[in-house]
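We count ligands from 1, going down the list as the structure has it; atoms in each ligand are counted the same way.
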Amino acid sequence: MNKNISLGTGLESFIDEELIWSEIEKASNPESSLVRDVLQKARERKGLSPFEAAVLLKNRDLDLDNEIFQAAIEVKKGIYGNRLVVFAPLYISNECANQCEYCGFNARNLELDRRTLSPEEIRREVEVLEDLGHKRLLLVYGEHPKYDAAWIAGTVREVYSVTSRKSGEIRRVNINCAPLDVEGFRKLHEVGIGTYQCFHETYHQETYRKYHTGGRKTDYLWRLYAMHRAMEAGIDDVGMGALFGLFDPIFEVMGLLYHARQLENDCGVGPHTISFPRIEPAQGSELAFNPPYLSSNHDFKKIVAVLRLAVPYTGLILTTRENAAFRKELLEVGVSQLSGGSRTYPGAYSDPEYDRPDVQQFCIGDSRSLDETIRSVAGEHGYVPSWCTACYRLGRTGEHFMELAKTGFIQKFCLPNGLLTFKEYLEDYASDETKLVGEELIRKELENYSDPERRKLLTDRLARMEKGERDLYL
Ligand code: SAM
Ligand code: SF4
């Protein structure tokens, strides 16, 4: 790795704004034959260049848009089948020294009730989440000089140490915190984090400067190279994202794709996941109530579909920022990971007076419980909710995981393993109604299983689970 990247000095942006604008210009009003050529390539699951993604996004023909959605559905099904990874965010601290104009945690918001969970409070939150059935958490932090990498690592250790009744344990902790230096990332790697996630918010430098007016986050390049540093520290899985609503969405999609490409060139592997949060109203932020670049639902759905086609093997994460009805549409066109039953402030899961706009980061669009979300995902869509963490625990991460994903591994391992975790959920946590729906889905899945040997393996393990064994995988 380039020494400058580790040191964070002498760096230049690899986001070439002139090039992006010229490609957007070239992609404008694309001929239908060009759109179809790009779709043909996308169906072969070879991914798309940023320019090709812009061609699809610039298309304005509704029939062709439907072909884009159809291609995304096919690619998603072909790679991920009907499995959907489920997680919940856990806010550890809303104390923040930065001034991000769109965020309720920004330092200028004096109305916000600032909280950082103590080790006991973390344990209480994790117990509640485990009792709901969660196995995968995303820990979220504001950025404050009081809380360094060693402290963050300590909170991760605390989370992993909590085991509660039944099969309650957190098997994968992902992190969404401000960028660290290589040493700091090493500390997170040592305590066994899964994915390090950090959103660039906007790739457009001038807009970035405009909305980040104070604190460490004002440094565009420090953030831009965060994934490189994380990988240098040994973290294999990194998650990128942009905050949609701040700037031209097509520019942001291209920024994401150039970022992914640079990471792959420099580190040998691209992002494990991409997130596409849309700005939600947040108390203490005028901007969040009036985002300058609001996408329509149709255009936003197209962004998700195009990302699915452009980076077919990268996980796409959908959060509860979007409402339940729209989440259902987005699931179909490309999402592979979903949060459920989320709450967005420290202490929220164990708060008897839940629903406090004066402590939360932003307003949630989908407030269904985890149980309701799972019932809808399984019953209405026929998706298998998965809490599987087998790959990560067996060292199948980063480059290794990408290679496996390309050879149909997801269908062979992730689907049956997902089913096993779903069974665990149904046995230990689901309501009666959800259990009925879930058992029916498992029955259908087994019926459709083409490989008799693996079907037998799976049937045996499912039976062992009914007898009380837990945490079984292939
Ligand atoms: N403080 C760290 C940082 O900024 O990287 C990590 C946590 S921050 C709470 C997580 C993400 O929330 C941000 O990167 C941003 O994309 C998103 N976010 C902030 N304000 C938001 C809003 N009003 N609506 C939706 N998402 C928002
Ligand atoms: Fe702080 Fe992150 Fe919110 Fe910015 S986005 S104010 S850094 S918590």
Worksheet item: With a distance cut-off below 6.0 Å to the six-membered ring centre and an angular limit of 45° from the axis, does K302 pair with F69 as a cation-pi contact?
Response: no

Worksheet item: To which protein heavy atom is atom 6 (C) of ligand 1 closest, and what is the distance rounded to 0.1 Å?
Response: N176 OD1, 3.0 Å

Worksheet item: Are the aromatic rings of Y258 and F14 close, with centres under 6.0 Å apart?
Response: no

Fill in: Under 3.5 Å: donor-acceptor pair, side chain of R308, backbone of V311
yes

Discussion item. Please report whether the ring centroid of H134 lies less than 6.0 Å from that of Y429.
Written reply: no

Worksheet item: So which heavy atom in the protein is nearest atom 2 (C) of ligand 1, and how far is it from that ligand atom?
Response: Y141 O, 3.4 Å

Worksheet entry | Count of N, O or S atoms belonging to protein, less than 2.8 Å from atom 4 (Fe) of ligand 2 | 1

Discussion item. Between E201 and K217 (salt bridge meaning N to carboxylate O under 4.0 Å), is one present in this structure?
Written reply: yes

Worksheet entry | Proximity of H200 and Y220 rings by center, below 6.0 Å | yes

Discussion item. I need the nearest protein heavy-atom contact for atom 11 (C) of ligand 1: residue, atom name and distance, please.
Written reply: F199 CD1, 3.9 Å

Discussion item. Out of all atoms in ligand 1, which are within 4.0 Å of some heavy atom of I279? Include the element for each.
Written reply: 24 (N), 25 (C)

Discussion item. If you take the nearest heavy atom of each of E201, Q283, Q197, R321, which one is closest to atom 25 (C) of ligand 1?
Written reply: R321

Worksheet item: Just which atoms of ligand 1 are under 4.0 Å from any heavy atom in R223?
Response: 3 (C), 4 (O), 5 (O), 14 (O)

Worksheet entry | Lys NZ or Arg CZ of R216 over W222 ring: under 6.0 Å, within 45° | yes

Worksheet entry | Protein contact to atom 24 (N) of ligand 1 [nearest heavy atom, distance to 0.1 Å] | E280 N, 2.9 Å

Discussion item. With a 3.5 Å distance limit and no angle check, can you tell me whether T319 reaches the backbone of R321 through a side-chain donor-acceptor pair?
Written reply: yes

Worksheet item: Any idea which part of K217 is under 4.0 Å from ligand 1, heavy-atom wise: side chain, backbone, both or neither?
Response: side chain

Item to complete: Just jot down the ligand 1 atoms closer than 4.0 angstrom to any heavy atom of V140, in number order.
Response: 7 (C), 9 (C)

Fill in: Ring geometry between H228 and H259 (parallel below 30°, tilted from 30 to 60°, perpendicular above 60°)
parallel

Fill in: Cation-pi geometry met for R343 and Y91 (6.0 Å, 45°)
no

Worksheet item: Is the F422 ring parallel, tilted or perpendicular to the W387 ring (thresholds 30°, 60°)?
Response: parallel

Discussion item. Starting from atom 9 (C) of ligand 1, what is the nearest protein heavy atom, named by residue and atom, and what distance separates them?
Written reply: Q361 NE2, 2.9 Å

